[in-house]
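For clarity, every value in this text was computed on a predicted model and none was experimentally measured.
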Amino acid sequence: MSRRNRKYAVPGVNRGMQMFKAEVMRREGYDVDPERPDDVKYEVAKELGIPLEHGENGHLSTESVGQIGGKIGGSMVREMIRLAQQQLVDQERE
């Protein structure tokens with residue numbers, strides 16, 4: 001899994017998204033370094049039994065890589081939906 005340049009729809013949100021990922025994965029029970037939240041993928045891979053290593057991982061199948069990313073991204077999306085729903089409830093109360 002190579003590191004790619006993420007392009008967010010809102011400029012300047014990079015740091016906030018990294019902090020969000022760290023917080024969500026910490027709540028999921030992972031040990032996350034807030035300065036390196038992308039490294040949680042190695043812990044997720046280990047839990048799933050996928051031999052992800054630092055550097056080149058061309059030997060991994062698309063399915064295996066998707067399992068790792070899906071676990072992380074799925075957790076983040078669930079939390080974003082929960083936050084949006086809470087925001088809607090809060091707006092209705094005003």
Side-chain angles (χ1 to χ4, degrees):
M1 291 171 59
S2 66
R3 183 162 183 105
R4 59 191 162 149
N5 288 328
R6 292 176 181 88
K7 300 226 184 228
Y8 294 108
V10 178
V13 75
N14 298 31
R15 178 75 176 143
M17 287 300 292
Q18 292 303 310
M19 291 171 51
F20 179 71
K21 179 192 291 186
E23 181 59 31
V24 168
M25 295 312 289
R26 190 174 306 111
R27 283 191 220 147
E28 291 283 321
Y30 294 97
D31 182 28
V32 181
D33 179 353
E35 296 302 314
R36 299 181 54 102
D38 282 341
D39 285 354
V40 75
K41 65 187 170 193
Y42 300 106
E43 192 174 340
V44 170
K46 183 177 178 182
E47 177 184 278
L48 296 172
I50 299 170
L52 181 68
E53 301 169 6
H54 292 275
E56 182 59 39
N57 285 286
H59 63 283
L60 294 178
S61 69
T62 304
E63 180 181 358
S64 294
V65 173
Q67 287 177 325
I68 298 166
K71 177 96 170 151
I72 296 168
S75 296
M76 291 176 67
V77 168
R78 278 189 299 279
E79 180 61 11
M80 286 181 210
I81 291 169
R82 188 196 68 74
L83 290 170
Q85 289 172 337
Q86 184 61 53
Q87 188 176 32
L88 289 171
V89 168
D90 292 345
Q91 286 175 355
E92 288 178 4
R93 290 181 184 161
E94 292 178 358

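Hydrophobic clustering places Leu48 together with Tyr42 (ILVMFWY residues linked when any side-chain heavy atoms are closer than 4.5 Å, directly or through intermediates). No continuous path of hydrophobic side-chain contacts links Phe20 to Val77 [ILVMFWY only; heavy atoms under 4.5 Å]. In terms of hydrophobic clustering, with Ile, Leu, Val, Met, Phe, Trp and Tyr side chains grouped at heavy-atom distances under 4.5 Å, Met19 and Val32 are assigned to different clusters. At a threshold of 4.5 Å between side-chain heavy atoms, the hydrophobic network of Ile, Leu, Val, Met, Phe, Trp and Tyr places Met80 and Val40 in one connected group.
Without hydrogens or angle criteria, Glu28 side chain to Tyr30 main chain gives no donor-acceptor distance under 3.5 Å. A distance-only check finds no donor-acceptor pair linking the side chain of Gln18 to the backbone of Pro37 [under 3.5 Å].
Taking 4.0 Å as the cut-off between side-chain N and carboxylate O, Asp33 and Arg36 do not count as a salt-bridged pair. Looking at Arg15 and Glu35, a side-chain N of the basic residue comes within less than 4.0 Å of a carboxylate O on the acidic one, giving a salt bridge.
In this structure, the side chains of Gln85 and Ile81 come closer than 4.5 Å at one or more pairs of heavy atoms. Taking 4.5 Å as the limit, some side-chain heavy atom of Ser75 sits within range of a side-chain heavy atom of Met25. For the pair Gln67 and Val44, the minimum side-chain heavy-atom distance is 4.5 Å or more. Ile72 is listed as a side-chain neighbour of Met76, based on a closest heavy-atom distance under 4.5 Å. Between Gln87 and Gln91 the shortest side-chain heavy-atom distance falls below 4.5 Å.
Here Met17 contributes atom CE and Lys21 contributes atom NZ; the two are 8.5 Å apart, rounded to the nearest 0.5 Å. Taken from CD in Glu23 to CZ in Arg26, the straight-line distance is 5.0 Å, to the nearest 0.5 Å. Rounded to the nearest 0.5 angstrom, Leu52 CG and His59 NE2 are separated by 7.5 Å. Rounding to the nearest 0.5 Å places NE2 of His54 at 6.0 Å from CG of Asp39. In this structure, NZ on Lys46 lies 13.5 Å from CD1 on Ile68, to the nearest 0.5 angstrom.
Side-chain contact of Asp90 with Gln86: a donor-acceptor pair under 3.5 Å is present, judged by distance alone.
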